[in-house]
Every structure is written in C-alpha cells, then in structure tokens.
*Asks:* 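Here you go, one structure.
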Amino acid sequence: MSFAAPQALRALVARALENSGASSANAASVAAALVAAEIDGQKGHGLARVASYAAQARSGKVDGRAAPRVTQPKPAALIVDAAQGFAFPAIDLAIERLTALAPQTGIACAAIHHSHHFGVAGRHAERLAERGLLALIVGNSPKAIAPWGGKRAVFGTNPIAFAAPRAKAPPLVIDLSLSKVARGRIMAAAQKGEKIPQGWALDKDGNPTTDAKAALDGAMLPLGDAKGAALALMVEILAAALTASHLGFEASSFFTAEGLPPRVGQFMLAIDPGALSGGAFAERLETLLAAMLAEPGVRLPGEKRLAGRARAATGEIEVDDKTLADIENLAR
Ligand code: PYC
C-alpha cells in the first residue's frame, strides 16, 4: 500500500484522464468523484476505475470531451443530456440546477439522459442534502439481476440513494445497490478460485450456484428476494424509461473499452423539506434519529464514510500500489 494526499491524487487522476482525451473540466469532475469514493471507503467506485475510464475515453466509448446540456421542459423538471460522456459532469450540472430550482418550486427533478457509471450514488444525494434539500437518486446499470422467477439477468444492480439534511450534523445518507452482494465480491472469488455462498447468484441456466465463475456468466440474486427484484424494476423505469436511455439489458459494460457507449440513465429528485413540512422537518427527523439511537447497538446508515473522511483530513489516504502505479503511467 502507498499513501497519497487527496489533492495530489485528484491532480494525478485528472492528468491521466486528460492524457486519454478528456477535457480538463470533465477530467476534474471525474477525478473529484473517484477520489471522494476512495476516501469514503467505496474502493469499487474509486481509483480502481481510472484505468478503465481512461481506456474508454481513448476508444471513444465515452466521449471525454462531451459537454452536458440542460433543458427545462416543465417548471420543476430538468433534462440533463450527458451526451455519452462521463456521468459526473452531468450530475454536477444537475446538482447545481436543482439546488437553485427546488427552493423555488418545493420539489424538482432531473432526468440524466445517455449517461455512464455514476459511482457512489449516495455522494450525489449527500451533496444535495448539504445544500438543504432532501434527495432521492436512482441509476440503472448493465444487466446483472434476473427478474424474480426468471433465469437471465435483465436489470442492473440499480442503486438507490437517499439523503436528508440535518441542522447540526452531516446529512443522513442511505445508499444501497439491489444485488445481494456487490459483483466485485464475486469477481474477487472467481479470481482466487474460491466458492461463493449459496444464495448470491444463479448460473446461466438459472440454477443456484456456489461457483463464482458460473455466477459471473449467470445472474446475481437481488437483496430481499422478490422485493429487491421489484425495486430493481422500479429503478429501471425511473432511471432508464424516464430518461430515454438504455435499459440494463441493452447497456454495454462499464468496464471494457470495446463496444458502444452504455447510455444508461439517472433520475434525481430534490425536495425542499421546510416547504413541505411547514418547518417541522428538522425536529421530526431528529426525534426519529434520537429514538433509533436510544436502542443499544444502533448506528445510523452511512457512518463509515465519515470515518474515512476523518482519516483523510489528517493528511494522506491509503492507495493500492498497483492501482497507483497504473494511474501514474497514464498521467505521464
Ligand atoms: O453500486 O451497483 C452499484 C452502482 C452501479 C452504478 C453505480 N453504482
């Protein structure tokens, strides 16, 4: 493991992406998101993505120079066209515009069209909550989960993120992907030749499997069984149908540089909590959280990210040697 300062890492990642054809604005936006994910302990959405993002920018699968465009078809509805570029610049634009709009309209939404991997969904929701808004964000991703009762993957892992502002504490953040476990855990088991527990995945014929390689060719099981599959369906409708984007089973991989752009979508909803609650929101939320915390052993969701940030604030963060070396090569 190596140690590096967040600011230096952001500059390094941005240079790696610019060398691969990204505009400097896009490279800075992507670098900020990936380093933030690394700091928050979400390494699957952090620096490990740089090499594949750079390869996709080089091959043209992602348009690294795309400039997201926003239109406002209805007073409280925004369309942000990511234009087959990276998701983060489009999300940044949506956050900026929703922050201005939602306090005027009470509730506002943004449909991000023709997008890419949007990393840690909870971080985008949290940024809206840091601006005083309640946020709900969903995004679809390439096929991974079968519809309940089916054999073949149709839906993505389709994360759902929610964040609520708090007066005297960082926002409460809830962030969940809908597969029972992250696909990265199955990939890691396959690499090591290890078995996976029963109940994580199906093989390509729809049979439950403990063989990690067979699971990668098959489908992942949703958390909460039929209920999770229903949520994955809901996310496809909000994130892909509503954004005129690719459905999970139509989307190309977020990892490989070959093929057409994934063109997935994201849907973001921002609510002014004061407007809808007549000013009672903060008190009601704190009463609820206090009741939870009165139970011994209870922790609020999302606390892990705060621990990562506290460590990063002391100076340097721990980065995998090979990942860092790959980024340094790309940045030369
Ligand atoms: O956590 O599964 C996930 C995910 C997919 C796209 C963005 N995050």
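Positions are given from 1 along the sequence. Keep in mind that this is a model prediction, so the values were computed, not measured. When reading the values below, keep in mind they use all heavy atoms of this one structure, side chains included, and skip hydrogens, waters and symmetry mates.
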*Asks:* Could you measure the distance from the CG atom of L98 to the CD1 atom of I271? Nearest 0.5 Å is fine.
*Replies:*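 Rounded to the nearest 0.5 Å, the CG-CD1 separation comes to 11.0 Å.
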*Asks:* If Ile, Leu, Val, Met, Phe, Trp and Tyr residues are connected whenever their side-chain heavy atoms lie under 4.5 Å apart, and connections chain through other members, are I95 and L134 in the same group?
*Replies:*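 Hydrophobic grouping puts I95 apart from L134.
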*Asks:* Measure the CG-CD1 distance between L269 and I107 for me, rounded to the nearest 0.5 Å.
*Replies:*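 Result: 4.5 Å between the selected atoms.
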*Asks:* Calculate, to the nearest 0.5 Å, the distance between atoms OG and NE2 belonging to S141 and H246 respectively.
*Replies:*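 So the OG of S141 and the NE2 of H246 are separated by 14.0 Å.
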*Asks:* Start with the C-alpha gap between S179 and T157, add the side-chain angles, then the distance that decides, and say whether side-chain hydrogen bond (donor to acceptor under 3.5 Å, both in side chains) holds.
*Replies:* CA-CA 5 Å; S179 52; T157 50; 5.4 Å; no
*Asks:* Using the salt bridge (Lys or Arg N to Asp or Glu O under 4.0 Å) rule, take K151 and D203 through it: C-alpha gap first, then chi angles, then the decisive distance, then the call.
*Replies:* CA-CA 8 Å; K151 293 180 180 172; D203 67 15; over 6 Å; no
*Asks:* Do I91 and L133 share a hydrophobic cluster (ILVMFWY, side-chain heavy atoms under 4.5 Å, transitive)?
*Replies:*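 As far as the 4.5 Å side-chain criterion goes, L133 and I91 are connected within one cluster.
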*Asks:* Determine the minimum heavy-atom distance between N140 and N158, stating which atoms define it.
*Replies:*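 Smallest heavy-atom distance, with atoms named: CA-OD1, 3.2 Å.
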*Asks:* Going through the checks in order, is the side-chain contact (heavy atoms from CB on, under 4.5 Å) test met by R15 and I327?
*Replies:* CA-CA 9 Å; R15 220 165 42 245; I327 300 171; over 6 Å; no
*Asks:* Evaluate the side-chain proximity of K227 to L231: yes if any heavy-atom separation is below 4.5 Å, no if none is.
*Replies:*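 No - every pair of side-chain heavy atoms lies 4.5 Å or more apart.
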*Asks:* Measuring from atom CD of E328 to atom CG of L330, what distance do you get when rounded to the nearest 0.5 angstrom?
*Replies:*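 Going from CD on E328 over to CG on L330, the span is 10.5 Å.
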*Asks:* Please evaluate residues E286 and R166 with respect to the criterion side-chain contact (heavy atoms from CB on, under 4.5 Å), reporting the C-alpha separation (whole Å), side-chain torsions for both, the decisive distance (0.1 Å), and the verdict.
*Replies:* CA-CA 8 Å; E286 291 309 320; R166 299 181 65 190; 2.8 Å; yes
*Asks:* State, to 0.1 Å, how close H113 and A111 come at their nearest heavy-atom pair, and which atoms those are.
*Replies:*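 Shortest heavy-atom separation between H113 and A111 comes out as CD2-O, 3.4 Å.
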*Asks:* Any side-chain heavy-atom pair from E258 and S59 closer than 4.5 angstrom?
*Replies:*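 Counting from C-beta outward, E258 and S59 never come under 4.5 Å.
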*Asks:* Taking E38 as the fixed residue, which of R123, K43, R10 is the one that meets the salt bridge (Lys or Arg N to Asp or Glu O under 4.0 Å) rule?
*Replies:*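 Among R123, K43, R10, the one meeting salt bridge (Lys or Arg N to Asp or Glu O under 4.0 Å) with E38 is K43.
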*Asks:* Minimum heavy-atom separation for A164 to F162, with atom names?
*Replies:*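 Closest approach of A164 to F162, heavy atoms only: CB-CE2, 4.1 Å.
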*Asks:* Can you list the residues that meet the ring-ring contact (aromatic ring centres under 6.0 Å, His included) rule with F281, with sequence neighbours excluded?
*Replies:*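 Counting only residues at least two positions away or on another chain, F281 forms no ring-ring contact (aromatic ring centres under 6.0 Å, His included).
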*Asks:* Would the distance check show the side chain of R49 and the main-chain N or O of G44 forming a donor-acceptor pair, the cut-off being under 3.5 Å?
*Replies:*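 Checking the backbone N and O of G44 against the side chain of R49, a donor-acceptor pair under 3.5 Å is found.
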*Asks:* Can you check whether Q84's main-chain N or O pairs, donor with acceptor, with D63's side chain at less than 3.5 Å?
*Replies:*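 Flag not set: sc D63 to bb Q84 has no pair under 3.5 Å.
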*Asks:* Tell me, do S252 and P262 make a side-chain contact under 4.5 Å, heavy atoms counted?
*Replies:*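 Of all side-chain heavy-atom pairs linking P262 with S252, at least one is under 4.5 Å.
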*Asks:* Is there side-chain contact between I186 and L216, with at least one heavy-atom pair below 4.5 Å?
*Replies:*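 I186 vs L216: side chains touch.
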*Asks:* Between P159 and V235, which heavy-atom pair has the shortest distance, and what is it?
*Replies:*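 The answer is O-CG1, 4.4 Å.
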*Asks:* Just verifying a value: how many Å separate M268 CE and I137 CD1, rounded to the nearest 0.5 Å?
*Replies:*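 So the gap between those two atoms works out to 3.5 Å.
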*Asks:* If you compare all heavy atoms of T209 against all heavy atoms of A214, which two are closest, and at what distance to 0.1 Å?
*Replies:*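 For T209 and A214, the tightest heavy-atom pair comes out as OG1-CB, 3.9 Å.
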*Asks:* Looking at every non-hydrogen atom in both residues, tell me the closest pair between I160 and L136 and how far apart they are.
*Replies:*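 Closest approach of I160 to L136, heavy atoms only: CG2-CD1, 4.2 Å.
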*Asks:* Is it the case that atom NZ in K204 sees more than 12 heavy atoms from other parts of the structure closer than 6.0 Å?
*Replies:*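 At most 12 heavy atoms, drawn from other residues, nucleotides or ligands, come within 6.0 Å of this atom.
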*Asks:* Would you say V181 ends up clustered with F254 if hydrophobic residues are merged whenever their side chains have heavy atoms under 4.5 Å apart, either directly or through other cluster members?
*Replies:*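 No; V181 is not reachable from F254 via cluster members.
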*Asks:* Do S245 and V264 come within less than 4.5 Å of each other through their side chains, counting heavy atoms only?
*Replies:*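 They are not in side-chain contact.
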*Asks:* Are any side-chain N or O atoms of Q72 and backbone N or O atoms of P75, one a donor and one an acceptor, separated by less than 3.5 Å?
*Replies:*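 Looks like yes, one N/O pair under 3.5 Å.
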*Asks:* Would you find a donor on one side and an acceptor on the other, under 3.5 Å apart, between the side chain of R311 and the backbone of I317?
*Replies:*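 Side chain of R311 to backbone of I317: no pair is present.
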*Asks:* Are K143 and R152 side-chain neighbours, meaning at least one heavy-atom pair lies under 4.5 Å?
*Replies:*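 With C-beta onward as the side chain, the pair stays apart.
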*Asks:* Under the 3.5 angstrom rule, does the side chain of Q42 hit a backbone N or O of R305 as a donor-acceptor pair?
*Replies:*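 Looks like no, no N/O pair under 3.5 Å.
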*Asks:* With no hydrogens and no angle check, is any side-chain donor or acceptor of T71 less than 3.5 Å from a backbone partner on P73?
*Replies:*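 A pair under 3.5 Å: no.
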*Asks:* Any link between I174 and F118 through a network of hydrophobic side chains (Ile, Leu, Val, Met, Phe, Trp, Tyr) touching at under 4.5 Å?
*Replies:*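 Not linked; separate clusters.
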*Asks:* Quick check on K213: does its NZ atom have over 12 non-hydrogen neighbours (other residues, nucleotides or ligands) under 6.0 Å away?
*Replies:*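 No, the 6.0 Å shell around NZ holds no more than 12 heavy atoms from other groups.
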*Asks:* In plain terms, say whether R309 and D40 are close enough for a salt bridge, that is, a side-chain N and a carboxylate O under 4.0 Å apart.
*Replies:*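 Salt bridge between R309 and D40, a charged N being under 4.0 Å from a carboxylate O: yes.
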*Asks:* Can you name the one residue among V319, L9, V50 that meets side chain to side chain contact (heavy atoms under 4.5 Å, CB included) with V35?
*Replies:*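 Testing each of V319, L9, V50 against V35, the sole residue satisfying side chain to side chain contact (heavy atoms under 4.5 Å, CB included) is L9.
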*Asks:* Can you tell me if S20 uses its side chain to pair, donor with acceptor, with the backbone of A16 under 3.5 Å?
*Replies:*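 It does hold such a pair.
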*Asks:* Looking only at atom types and distance, does a side-chain atom of D175 sit under 3.5 Å from a main-chain N or O of V120, one as donor and one as acceptor?
*Replies:*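 Pair absent, no side-chain N/O of D175 close to backbone of V120.
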*Asks:* Let me see the working for H116 and Y53 under side-chain hydrogen bond (donor to acceptor under 3.5 Å, both in side chains), right down to the final yes or no.
*Replies:* CA-CA 10 Å; H116 194 265; Y53 277 17; 4.7 Å; no
*Asks:* Is the count of non-hydrogen atoms from other residues, nucleotides or ligands lying under 6.0 Å from L260 atom CG greater than 12?
*Replies:*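 No.
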*Asks:* Begin from the C-alpha positions of F88 and H124 and carry the test side-chain contact (heavy atoms from CB on, under 4.5 Å) through to its verdict.
*Replies:* CA-CA 9 Å; F88 303 111; H124 312 310; 3.8 Å; yes
*Asks:* Do M234 and L242 sit in the same hydrophobic cluster, where Ile, Leu, Val, Met, Phe, Trp and Tyr count as joined when their side-chain heavy atoms come under 4.5 Å apart?
*Replies:*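 M234 and L242: one cluster.
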*Asks:* Supply the atom-to-atom distance L300 CG to L288 CG, rounded to the nearest 0.5 angstrom.
*Replies:*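 Nearest 0.5 Å value for the CG-CG distance: 9.0 Å.
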*Asks:* Would you confirm whether H114, through its side chain, and D81, through its main-chain N or O, come within 3.5 Å as a donor-acceptor pair?
*Replies:*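 No, because the side chain of H114 does not come within donor-acceptor range (under 3.5 Å) of the backbone of D81.
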*Asks:* Applying side-chain contact (heavy atoms from CB on, under 4.5 Å), run through D92 and E96 and close with a yes or a no.
*Replies:* CA-CA 6 Å; D92 290 346; E96 181 193 316; over 6 Å; no
*Asks:* Keeping K61 on the side-chain end and S253 on the backbone end, is there a donor-acceptor pair under 3.5 Å?
*Replies:*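 Yes.
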